[in-house]
Amino acid sequence: MVIKKIEEKQEVSRKSVKTPQLLRGFRDILPSEQAYWDKVEEVAGRMANDYSFGRIRLPLLEQTSLFERSIGKATDVVEKEMYTFIDPSGTRVTMRPEATASVVRSYVEHGMVNKSQPVKMWYFEQMFRHDRPQAGRYRQFWQFGLEAIGSSDSILDAQVIIMCHRMLKELGISVKFLLNSIGTEASRREYVMELVSYFKQFRKQLSEVDKKRLTKNPLRLLDSKEEGMEELRVNAPQILDWLDEDSKQHFMKVIEYLDEAEVPYELSPHLVRGLDYYTKTVFEVVEAGDEGEKAQNALGGGGRYDTLVELLGGREDTPAIGVALGIERIILAMKNQGVELPKERLIDVFFCQLGDAARRKGLVVFEKFREARVSVAEAFGKGSLKGQLELADKQKAKIALILGQKEVLDGTIIIRDMESGAQEIVNIDKVVAIVKRQLEMMG
Ligand code: HAM
């Protein structure tokens, strides 16, 4: 009776302790997913180094004005999606929603204009946008980005696209690029007037948000997700028809380079991207099977931003180009396209111990292997040899080491070849060297 009462009490108290839940749009990346993250990060870093980009690590918080000025006040990101707050010293700060603005700030702040141009940098960082969460869209997400600042040469536009193509191919994803050119600010002015007069005919059909865009930032009508806009856009004027001669030539060259490198692309005449700093080339990368402009979740996007450096107080005429790929979306695409990676971390050696003395000695031996950089796993919490050998098998260990009471007394240890099952007893002081040699021979 008493026990029952205690149990009931415990039940009640357990129920009343609520685990705080993850915030909406945020996620844990669990150990079982790590293989995908490691793979993407390894390929991205290697690719960036191969193409002479230097890594930059950026602060997570910046002054809010940095993003307002560069991304543009009348964009979804700045209007609705930024995590902005006043910090304890009274400064308006924002958790970065993207990194191009920060890279340019850093370029200007550190006088990188005096280095040999272009300055090429890459990053692998988290971004924060208070967006509506759905599959592949989160409020905290990771981007791999490349920025090349200080050259207007169209070969750089092609190079960042080619790099993304190679990287995604190496990760097992087949993709295509959607391309457009939005020209210079001057050439865009006339086009925007044309666009406004086109959408004015449909003013009554436009949502309140789009009516506001029509007066504040008409280009944004082209990437509006409001209902009915897709149909209205079909006959909207195309910016390519309004390009100045220089932008046209520049774009043609980009296309020629991409043809040469056999990168799959489609022209996407209404692609303008959701950020205001772009000039000339703009592009997005989507899974090969996706339907061009209708593709919802681009794997990445980028373009030229020839006026941003000047806008943020740097030298006039400092052209630049860059791209950012969304890591969560890349991993989703890898899974979508059937790329499989081992869930468990694969190891060379598994250490099994039996009894308390062996476990104590085991801690030391384990450390010796770790110092010698041999990948070794253990299950000190497990008692039975059978259970430990099963784990060794599951993790595809090539060798298992077995240490029991007797071996501890004798100063020996058993080496077991996991494939053949053959076992030998060796001196415990020599085990690291012997196992290393055996692993080398196994290849
Ligand atoms: P963006 O198109 O805003 O461009 O973002 C680039 C990529 O980040 C997207 O294509 C997508 O894969 C990923 N992404 C964006 N928002 C989310 C989200 N809420 N959840 C998951 N993934 C997301 C930029 O950020 C520019 N800074 C790219 C750039 C670099 N342009 C020139 N240089």
Side-chain angles (χ1 to χ4, degrees), residues 23-27 29 40 44 48 53 56 58 62 66-67 70-72 75-78 80-83 95-107 118-149 156-157 159-161 163-164 167-168 171 173 175 177-178 180 182 220 223 225 268 271-287 290 295-309 319-334:
L23 287 170
R24 223 163 95 74
F26 288 74
R27 51 198 291 268
I29 299 158
V40 175
F53 284 73
I56 181 165
L58 298 155
E62 295 270 9
L66 172 68
F67 302 115
S70 46
I71 298 173
T75 55
D76 278 358
V77 173
V78 170
K80 302 193 278 201
E81 297 170 4
M82 295 209 300
Y83 282 85
M95 290 163 76
R96 57 166 179 242
E98 62 106 53
T100 309
S102 303
V103 173
V104 172
R105 178 202 44 71
S106 180
Y107 174 92
V119 174
K120 294 156 103 182
M121 292 182 266
W122 69 279
Y123 49 86
F124 197 100
E125 307 265 14
Q126 298 103 313
M127 309 295 154
F128 298 83
R129 294 185 194 175
H130 197 269
D131 209 342
R132 220 173 325 150
Q134 51 177 254
R137 197 191 295 157
Y138 308 101
R139 291 181 172 167
Q140 175 179 343
F141 58 97
W142 289 77
Q143 280 186 348
F144 165 60
L146 299 160
E147 313 288 350
I149 307 176
L156 277 171
D157 306 40
Q159 196 183 40
V160 293
I161 293 174
M163 279 179 73
C164 292
M167 172 180 159
L168 295 167
L171 290 171
I173 316 174
V175 296
F177 289 80
L178 310 176
N180 197 14
I182 58 169
R220 297 279 73 87
D223 45 37
K225 308 267 183 309
S268 186
L271 179 74
V272 287
R273 312 258 307 121
L275 315 162
D276 279 355
Y277 50 62
Y278 290 112
T279 53
K280 294 188 175 165
T281 318
V282 286
F283 61 91
E284 284 186 349
V285 48
V286 297
E287 286 188 68
D290 278 352
Q296 276 270 317
N297 278 348
L299 301 177
R304 271 209 162 268
Y305 45 97
D306 288 348
T307 52
L308 187 57
V309 172
I321 170 89
V323 60
L325 301 174
I327 307 305
E328 285 82 357
R329 292 189 189 173
I330 289 180
I331 291 172
L332 275 175
M334 286 167 83

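Everything quoted here is computed from the prediction, not taken from an experiment. Whatever order the structure lists them in is the order used to number ligands and atoms, beginning at 1. Along the sequence shown, residues are numbered consecutively beginning with 1.
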Below 4.0 Å from ligand 1: does a non-hydrogen atom of [X] turn up there or not?
{"X": "Arg137", "result": "yes"}
{"X": "Gly145", "result": "no"}
{"X": "Gly136", "result": "yes"}
{"X": "Arg273", "result": "yes"}

Protein contact to [atom] [nearest heavy atom, distance to 0.1 Å]:
{"atom": "atom 20 (N) of ligand 1", "answer": "Tyr138 N, 3.0 Å"}
{"atom": "atom 5 (O) of ligand 1", "answer": "Gln143 NE2, 3.1 Å"}
{"atom": "atom 27 (N) of ligand 1", "answer": "Glu98 OE1, 2.6 Å"}
{"atom": "atom 13 (C) of ligand 1", "answer": "Gly326 CA, 3.7 Å"}
{"atom": "atom 26 (C) of ligand 1", "answer": "Tyr277 OH, 3.4 Å"}

Closest candidate by heavy atom, reference atom 31 (N) of ligand 1, pool Trp142, Tyr278, Tyr305: Tyr278
Close-contact set for ligand 1 against Leu275 heavy atoms, below 4.0 Å: 4 (O), 24 (C), 26 (C)
Member of Val282, Ile321, Val323 meeting the side chain to side chain contact (heavy atoms under 4.5 Å, CB included) criterion with Asp157: Ile321
N or O contact, Leu299 vs ligand 1, cut-off under 3.5 Å: yes
